[in-house]
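Letters go in sequence order (proteins before strands), and every chain restarts at 1. What you see is a predicted model, and the numbers here were worked out from it, not measured in a lab.
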2 protein chains.
Amino acid sequence: MNTNEILKKCPLFSGLGEREIAEVTAISTSKRYPKGALIFSEDEEAKGFFVVISGKVKVYKLSLEGKEQILHIVSPGETFAEAALFAGSTYPAFAESLAQTQVLYFSKQGFLNLIRENPQISLNIIASLSHWLRKFVSLVEELSLKDISTRLSKYLMDLSAKSGRSSERGIEFELDISKSQLASRLGTISETLSRALKKLRDRGIIKVEGKKISILQKEALEEISSGIPL
Amino acid sequence: MNTNEILKKCPLFSGLGEREIAEVTAISTSKRYPKGALIFSEDEEAKGFFVVISGKVKVYKLSLEGKEQILHIVSPGETFAEAALFAGSTYPAFAESLAQTQVLYFSKQGFLNLIRENPQISLNIIASLSHWLRKFVSLVEELSLKDISTRLSKYLMDLSAKSGRSSERGIEFELDISKSQLASRLGTISETLSRALKKLRDRGIIKVEGKKISILQKEALEEISSGIPL
DNA sequence: CGCCACATTGAAGGCAGTCAAAGGTGGTGG
DNA sequence: CCACCACCTTTGACTGCCTTCAATGTGGCG
């Protein structure tokens, strides 16, 4: 998919005509990062925000001891760090590419000018921020009120709904990130995630082959994800 | 403080003239709640949002087992549930008054009309949502990466900066909520909070008399709040 | 005065993190 | 093509923070 198509399906720019999209492209800069590159650091001055064109980016926090909490995995067509333009002057987290990645970069000033001439965009920003807010409320809820098995089950249910294919062995799909990264997204570490997966495997609820997951008992997984203890 | 003064200092309506403020007042409804009233429930249809005029409101999540996680304590001049108007159609959490409370209520439709005629407001909304987003990122970080003593120390440091008075015994201030509520805000339970306070007391870092807190060793508290283990 | 919600303290148990080691996987270069 | 290496994953044993359960203390208010 090319840059223009990605931009058009990006919620931030929906409702814009060809002409406006061209303006958007004009004020942005294309940047490329190899896998594992640091895109920005926590507390670094926020000079702009990003749209992912291809690849994958993780936005995360680090504790002093080095434990990582992933806030969001950003996929093509999604934006990140847009909130940093409007509150505070620094990025509140780290951003790192998980694969070779291409992004469009919008400088703060250029983008603010763009908003001024296209009020529609500010409504899109409101929608985008509201969406993020919901995601964070869910994340807080999970971290504070749910155990690891519940969080894992919910993640698997969500992912299966998004990219699962039915087969005679149940719903099959591939993890979109490594298990270490998944652990970090769920607020835990790889050892604990491994044990949680094992518990689901041992009960015949899922099958795991590397990154390939098969959901064998959807109802059971649904129950666990809604809080019924394992 | 009267309603008009509160509205003027509310970030959502900053930059508006007397006339516009009058319009804002005109489309809103005043509501009063006794202490402990349920203002809305999770998953209830979001028909509008609120500005607190007087009193105090907690916005919170509940687990199946009944454990509570407070997302935010809303004070006079602050808004809540505004994000619910722009993403999803239901409230993502519960809201309950912690004291006798007066709010202004804005219906979704009325407020959307107001935005249309006052584009400045949409910029204010963006700022407000961005601010919330930062707060939630901090909350996620704390819940996932910090222990209770660290979270408590940070809360006390923040509160002392906001409402502390210097005295010969150190910085003094009052907790703005009950200790049970504070526990819930910090993602724990009252027993654990009580023990965390005791540890700080035993080391002579703070003094606790009911809701009155005195910070005796600011540097030590600062250290703990930044992650140096107790 | 006595009730009731809030707060404190102790003892015990569990979930998840830490430490350590072995097994697996993919990528790279010889 | 294969051997090597780095990284990811899994498993086991142990530790520790926090929760649970239970009992007692306390302060405000009818």
Next item on the list: Provide, to the nearest angstrom, the distance between the NZ atom belonging to A:K212 and the P atom belonging to C:dT25.
Entry: 13 Å
Checklist line | Closest contact, heavy atoms only, A:T3 versus A:Q102 | finding: OG1-NE2, 4.1 Å
Next item on the list: Whole angstrom is fine here: how far is it from CD in B:E142 over to P in D:dC18?
Entry: 13 Å
Check: Distance-only, no hydrogens or angles: does the A:T79 side chain make a donor-acceptor pair with backbone N or O of A:V51 under 3.5 Å?
Finding: no
Checklist line | Whether B:F50 and B:F80 hold their rings parallel, tilted or perpendicular, with breakpoints at 30° and 60° | finding: parallel
Margin query: Could you report the tightest heavy-atom contact between A:L186 and A:L152, atom names first, then the distance?
Written below: CD1-CA, 3.9 Å
Item checked: For atom CG of A:L152 and atom C1' of D:dT10, their distance in whole Å -> 15 Å
Check: When every nucleotide of nucleotides 6-21 of chain C is labelled 5' to 3' by its protein contacts under 4.0 Å (heavy atoms), B for base, S for sugar-phosphate only, - for none, what sequence of letters results?
Finding: SSSBBB----SBBBB-
Next item on the list: Quick one: sort the A:F106 and A:F49 rings into parallel, tilted or perpendicular, breaks at 30° and 60°.
Entry: parallel
Notebook entry, point to check: Can you give one letter per nucleotide of nucleotides 23-30 of chain D, going 5' to 3': B for a protein heavy atom under 4.0 Å from the base, S for sugar-phosphate only, - for none?
Noted result: --------
Item checked: Note: B:E42-B:K61 ion pair, threshold 4.0 Å (strictly below) -> yes
Notebook entry, point to check: Is a donor on one side and an acceptor on the other found under 3.5 Å between the side chain of B:S167 and the backbone of B:R169?
Noted result: yes
Next item on the list: Take atom CG of A:L186 and atom P of D:dT9, then tell me their distance rounded to the nearest Å.
Entry: 13 Å
Next item on the list: For A:I213 and D:dT9, give me the distance from atom CD1 to atom P, rounded to whole Å.
Entry: 11 Å
Checklist line | side-chain hydrogen bond (donor to acceptor under 3.5 Å, both in side chains) partner of B:Y60, the single match among B:E96, B:E68, B:Q69 | finding: B:E96
